[in-house]
2 protein chains.
Amino acid sequence: MRHQKIRNMDEFATLSGISRPTISKYFNDPDSVRSSTRDKIEAALKEYDYRPNIYAMNQNRRLTKNIGIVVPYLADPFFAEIARVLERRCIDAGFTPSLYSSHGEQGLENAILDTLRSLKPAGVLLAPLGRASDRKYIEQFCRDVPTILFDSNIEGVGAAFVGSDNFSFVSQTVEYLNRTGNVPCFFEMRDPVNPNANKRRHAYLEMMRRLNLEPHIVKIDGTGWGFEEIGRQGALKVLHDNMLPTKTVLCSNDRLAIGFLSACHELGVTVGRDETCDIRVASHDDHPYSRFTCPSLTTAAHDYESVADHAVETLFQLIDAGGKLNNREERLFAARLIMRGSA
Amino acid sequence: MRHQKIRNMDEFATLSGISRPTISKYFNDPDSVRSSTRDKIEAALKEYDYRPNIYAMNQNRRLTKNIGIVVPYLADPFFAEIARVLERRCIDAGFTPSLYSSHGEQGLENAILDTLRSLKPAGVLLAPLGRASDRKYIEQFCRDVPTILFDSNIEGVGAAFVGSDNFSFVSQTVEYLNRTGNVPCFFEMRDPVNPNANKRRHAYLEMMRRLNLEPHIVKIDGTGWGFEEIGRQGALKVLHDNMLPTKTVLCSNDRLAIGFLSACHELGVTVGRDETCDIRVASHDDHPYSRFTCPSLTTAAHDYESVADHAVETLFQLIDAGGKLNNREERLFAARLIMRGSA
DNA sequence: ATATAAATTTAACGCGCGTAAATAAATGTT
DNA sequence: AACATTTATTTACGCGCGTTAAATTTATAT
């Protein structure tokens with residue numbers, strides 16, 4: 001590699017002995033040029049280490065190769081994990097993903113959408129805040145930019161939705177808990193930020209109805225995205241007041257359950273499927289830390305890979321179709337029950 | 001707000017009654033224009049909702065307003081948290097941060113640096129992979145792009161380093177553990193990826209020497225960034241073989257400790273500061289989940305805010321200074337001991 | 001009222017690349 | 001070998017904004 005600095009594509013074209021439009025074509029799709037010229041270009045590329053100016057590239061292009069990925073809360077390892085898979089898929093497909101976290105704030109979510117708008121991305125994968133989202137703002141954004149919603153649905157917004165089937169989660173845990181012991185009560189936040197929480201509550205009620213059992217819902221206070229602490233405080237209160245309606249607790253999500261288990265330990269309440277234990281606790285999401293809780297958490301796992309794959313695939317279809325799909329697909333993936341120590 | 005679409009700055013200039021160069025000046029620094037014209041521009045901005053094309057903006061500018069933030073592993077809530085604070089600081093200062101995770105892979109770290117290079121950022125905040133980093137690659141990058149290293153130092157690379165003082169972490173935990181009970185052994189991975197791990201081991205050995213105590217280091221196998229599982233497997237083995245040299249365990253970091261506690265629970269080994277407990281466990285980092293382990297984890301906390309503030313401040317100085325600082329400062333922040341249930 | 005400084009306007013060029021049309025060359029087919 | 005087809009070259013324009021220099025207007029100070 002020579003240390004000669006190359007200013008622009010013209011210079012590189014001269015040095016590689018290929019015309020500039022062909023070089024341009026190569027960078028937009030290496031397979032679009034004859035293999036012999038491709039070899040020449042790549043040889044020169046090794047020799048001179050030239051990279052086209054991305055700003056100049058994108059300014060005059062119909063569509064950039066950028067993809068925006070937006071999650072509501074990146075400090076939640078669940079979103080970090082799914083973002084990781086999404087990023088990888090985009091890179092493999094030749095796109096340049098950029099990752100954004102709304103940090104649970106509506107203002108930031110809107111600001112991110114503004115930023116994305118000016119990035120002129122080929123498409124966007126958006127997991128909205130949920131109840132805290134500015135629906136109209138997102139709606140307008142989705143009209144302008146090809147967007148797939150994931151994780152948390154907003155009815156009718158975006159070209160498609162890809163997520164997990166909350167009924168599949170809850171039906172499996174309820175069925176399992178009921179079959180292997182006593183009836184579960186449902187432990188959740190009073191005002192959940194995420195619409196999945198509502199779907200899960202409804203699924204619980206529906207399952208209990210089908211099984212001809214009386215449902216019990218335990219609602220705890222707290223706002224924001226610090227679910228573990230909220231779950232812990234709620235559990236401390238419920239356990240202390242002896243207000244648990246049943247000896248089996250089904251938490252709406254793993255992060256609440258992590259807090260719940262922490263409270264149990266603090267109060268000396270033993271948790272496990274063992275007969276000698278005081279209570280059982282189960283949950284949903286298969287959070288990356290759920291296998292390291294004490295005891296390890298029985299939960300229902302997202303099909304991360306499928307959700308990510310299908311979201312990205314749908315986005316690529318959307319991009320290929322020019323930004324519009326005929327009908328708004330809502331694709332839900334089933335959960336997988338993970339039996340561990342806690343229930 | 002009228003729904004008229006504005007194509008470019010020229011059009012917006014006409015509509016707002018201000019000349020284009022002045023509009024351009026305004027977007028580069030609103031305070032650089034007279035307040036009366038600023039008012040006119042901002043009135044028109046509300047009316048027409050125009051945003052300059054960022055690609056056209058950046059292509060012909062010496063320096064963009066972009067700042068790159070790179071962390072080794074975003075699924076680790078510690079990095080997610082510090083990234084959150086860094087992002088916020090950059091936004092508040094009028095910059096546009098973009099976040100990248102190396103996902104523990106050298107290839108990806110290098111690819112991210114390539115991407116950043118073509119983004120022509122004003123500056124970069126880089127937490128390198130550590131031992132897995134391609135030193136020469138990073139060195140070359142830092143020569144071309146104003147870069148501040150944080151969390152994990154590479155001697156002589158980058159314009160400055162901002163991180164935590166590992167000796168401060170370990171000295172406090174060792175002193176505390178020794179004072180309140182028996183001597184701690186040091187639990188760590190055999191081949192740690194992060195240079196902080198080595199500093200912590202040395203700090204442990206030094207502290208034990210000062211206290212005239214015999215050091216014991218327990219090294220466990222495992223590679224990669226799945227520290228919890230590595231800690232768990234290591235602990236299962238050590239506990240099963242009864243190879244723990246002392247009844248107090250000081251883990252190199254919280255993620256290992258989370259795995260350790262999980263193993264203890266599985267094997268029925270009780271953990272806590274209480275006399276009746278089998279062992280005590282402490283650690284370092286004050287990981288976001290360390291307060292929710294069972295029992296909650298005694299640990300030494302990073303001064304997140306100070307590290308983030310100082311890293312960003314130093315970067316801004318670096319940018320103002322035109323990309324070069326006279327001497328490479330290495331700034332370390334002290335830890336704060338957090339006493340919880342585990343030790 | 002005048003001198004001076006500061007801000008704005010006008011006019012124009014350049015940045016690096018996308019893209020299109022016409023032409024030329026290479027490759028494939030019979 | 002003649003033809004059709006694919007691929008590359010030449011030429012030229014445009015994208016939207018940064019930036020500069022000179023001319024002009026406006027604000028501030030004397």
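To find a chain, count down the sequence lines: A is the first, B the second, and so on, and within it residues start at 1.
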Closer than 3.5 angstrom, by distance alone: can the side chain of [X] be matched with the main-chain N or O of [Y] as a donor-acceptor pair?
X	Y	result
A/K25	A/S32	yes
A/Y100	A/P72	no
B/T64	B/K120	yes
B/Q106	B/A132	yes
A/R328	A/G158	yes

Roughly, in whole Å, what's the span from [atom1] in [X] to [atom2] in [N]?
X	N	atom1	atom2	result
B/I23	D/dT19	CD1	P	16 Å
B/R51	D/dG16	CZ	P	16 Å
A/D29	D/dT7	CG	P	12 Å
A/N8	D/dC15	CG	P	21 Å
A/E11	C/dC15	CD	C1'	14 Å
B/D10	D/dG14	CG	P	15 Å
B/F12	D/dC15	CZ	P	20 Å

Judged by each residue's nearest nucleotide on DNA chain D, which is more toward the 5′ side, A/R38 or B/R7?
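On the 5' side of the pair lies A/R38.
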Short side-chain N/O contact to [N] OP1/OP2 from [X], under 4.0 Å:
X	N	value
A/T37	D/dA8	yes
B/T22	C/dT9	yes
B/S19	C/dT9	yes

Work out how much the helix from C/dA1-D/dT30 to C/dT30-D/dA1 bends between its end axes, five pairs an end, to the nearest 10 degrees.
10°
Quick check, are the ring centers of A/Y73 and A/F78 under 6.0 angstrom apart?
no
What pairs with A/D151 under side-chain hydrogen bond (donor to acceptor under 3.5 Å, both in side chains), at least two apart in sequence or on another chain?
none
Would you classify B/Y50 as touching base, sugar-phosphate or nothing, given that sugar-phosphate means primed atoms plus P, OP1 and OP2, and contacts are heavy atoms under 4.0 Å?
sugar-phosphate
Base, sugar-phosphate, or nothing for B/Y26, non-hydrogen atoms under 4.0 angstrom?
nothing
Within a strict 4.5 Å, meaning less than it, do heavy atoms of the B/L74 and A/L99 side chains meet?
yes
Salt-bridge criterion met for B/E87 and B/R84 (N-O under 4.0 Å):
no
Return the set of residues passing salt bridge (Lys or Arg N to Asp or Glu O under 4.0 Å) with B/R135 (not counting sequence neighbours), or none when no residue passes.
B/E139
Could you check which residues of residues 52-59 of chain B get a heavy atom under 4.0 Å from DNA chain D? Sort them by number, please.
B/P52, B/N53, B/A56, B/M57, B/Q59
Sugar-phosphate means primed atoms, P, OP1 and OP2; the rest is base. With that split, encode nucleotides 19-29 of chain C 5' to 3' as B, S or - using protein heavy atoms under 4.0 Å.
BB-----S---
Under 3.5 Å, side-chain donor or acceptor atoms of residues 306-315 of chain B against the rest of the protein: list the pairs with distances, not counting sequence neighbours.
residue : atom : partner : partner atom : Å
B/S306  : OG   : B/D303  : OD1          : 3.1
B/S306  : OG   : B/D303  : OD2          : 2.7
B/D309  : OD1  : B/R89   : NE           : 2.2
B/D309  : OD1  : B/R89   : NH2          : 2.9
B/H310  : NE2  : B/R331  : NH1          : 3.2
B/T314  : OG1  : B/H310  : O            : 2.5

Do you know which two heavy atoms are closest between A/I138 and A/E109, and how far apart they sit?
CD1-OE1, 3.3 Å
